[in-house]
Number of protein chains: 2
Amino acid sequence: MDEDDRVSRAFAALADPTRRDIVGRLAAGDATVGALAEPYDISIQAVSKHIKVLADAGLVSQRRDAQRRPCHLEAEVLDLMTKWIERYRRQAQERYERLDAVLAEMHDDERPIHLPRPHQGAAS
Amino acid sequence: MDEDDRVSRAFAALADPTRRDIVGRLAAGDATVGALAEPYDISIQAVSKHIKVLADAGLVSQRRDAQRRPCHLEAEVLDLMTKWIERYRRQAQERYERLDAVLAEMHDDERPIHLPRPHQGAAS
DNA sequence: TCTGTTGTCAACCATGTGGTTGAGCAGGAT
DNA sequence: ATCCTGCTCAACCACATGGTTGACAACAGA
């Protein structure tokens, strides 16, 4: 499974509120499928499927303890996600600050807002 | 739209590789729908729909410039996402470190790995 | 006014997703 | 051996999603 796919699965996994809630509870400590299912009024099979999605995304691992399958939160993928997000957030932020500087520098020039913005050859 | 829903939409939006790529390119600067669509070999309508998803998630805004609809990356929601992730990642991390400390403290005691782990009353 | 450019809307299709119920497996407990 | 518990698998259903094509709205320029 390549990196991009892992990121996709991770974001898709956390797009569901029930799964986010499960992750939140697992952050406080490992728990069995049954214990995790208890607060929701959906079937235990549905919760099992949610956990499978989280596991396939690498966000959760399950060990074996007799009939029980305790779930454990794996934080690594969370790191992957923040790294992805922060990379672009920071880039946008920096660009914004640079723009601010440009605007400040030409504060007495009456150019309209349309800055050059050179983009790869298409359009216009 | 409530907060949880916004987070859901944001994660769902970034679960698609094409949309992540679009966000990545927008981080470098605003761009029109046509310019954004150019590298992909899907229809421009498909790209337009992707942008709509990003806009509904609050990740992108569009202004109007004649026929063109230049897209702009809105970084706030990215912040929301990292906050959500980091909260639980940190919590899991701390728990892990605490567990390490406990294990270190009882290094000459031969207790099995099954720590008490008090969880809300269900199961076992 | 007519034409070309840019983008959205609508309808449709295939596939994926979250839920259900029912069956069944693995492994204590009696 | 038998039963109960904890969980997963399989089949099914309704609906969402990503893609298509075709029509058309908005606007610049001839």
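Being a predicted model, the structure only gives us computed values, none of them experimental. Chain letters run A, B, ... following the sequence lines, proteins first and then strands; every chain starts at 1.
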Nucleotides 24-30 of chain D: protein proximity per nucleotide (B base, S sugar-phosphate only, - neither; heavy atom, under 4.0 Å): --BBS--
Rounding to a whole Å, what distance do you find between B/Q62:CD and C/dG7:P? 9 Å
Can you see if the side chain of A/H50 gets near the phosphate of C/dT17 - specifically, an N or O under 4.0 Å from OP1 or OP2? no
Stretch residues 5-19 of chain A: residues that reach within less than 4.0 Å of DNA chain D through a heavy atom: none
Hey, can you tell me if A/W84 and A/F11 have their rings parallel, tilted or perpendicular (30° and 60° cut-offs)? perpendicular
Same apolar cluster (I L V M F W Y, side chains within < 4.5 Å links), B/V23/B/V53: no
Do the charged groups of A/R9 and A/D5 touch, with an N to O distance under 4.0 Å? yes
Test log, rule salt bridge (Lys or Arg N to Asp or Glu O under 4.0 Å), inputs B/R25 and B/D30: CA-CA 8 Å; B/R25 309 208 356 247; B/D30 297 6; over 6 Å; no
When you check the phosphate oxygens OP1 and OP2 of C/dG7, does a side-chain N or O of B/S48 lie under 4.0 Å from one of them? no
Mind checking whether A/L26 and B/Y96 sit in one hydrophobic cluster, side chains of I, L, V, M, F, W, Y counted as touching below 4.5 Å? no
Is there a path of hydrophobic side-chain contacts, each under 4.5 Å between heavy atoms of I, L, V, M, F, W or Y residues, that connects A/V33 with A/I42? yes
Rounded to whole angstroms, how far apart are CG on B/L36 and P on C/dT6? 13 Å
Atom CZ of A/R63 and atom P of D/dC7 are separated, to the nearest Å, by 12 Å
Which residues pass the salt bridge (Lys or Arg N to Asp or Glu O under 4.0 Å) test with A/E86, sequence neighbours left out? A/R89
Contact summary for A/V77 and A/G58, nearest pair of heavy atoms: CG2-O, 3.4 Å
Is the shortest side-chain heavy-atom distance between A/E74 and A/L59 below 4.5 Å? no
Give every pair of a protein N or O atom and an N or O atom of nucleotides 20-25 of chain C that lie under 3.5 Å apart, one pair per line with the distance.
from, atom 1, to, atom 2, distance (Å)
C/dT20, OP1, A/S43, N, 3.4
C/dT20, OP2, A/S43, N, 2.9
C/dT20, OP2, A/S43, OG, 2.8
C/dG22, O6, A/Q45, NE2, 2.8

Can you list every pair that meets salt bridge (Lys or Arg N to Asp or Glu O under 4.0 Å) and has a residue in residues 39-62 of chain A, with sequence neighbours left out? A/K52-A/D56
Report the distance from atom CG of B/D56 to atom P of D/dA16, rounded to the nearest whole Å. 14 Å
Going by the rule salt bridge (Lys or Arg N to Asp or Glu O under 4.0 Å), which residues pair with A/R69 if we only count those two or more places apart in sequence or in a different chain? none
Atom CG of B/D65 to atom C1' of C/dT5: distance rounded to whole Å? 13 Å
Round to a whole Å and report the spacing from OH of B/Y40 to C1' of D/dG18. 15 Å
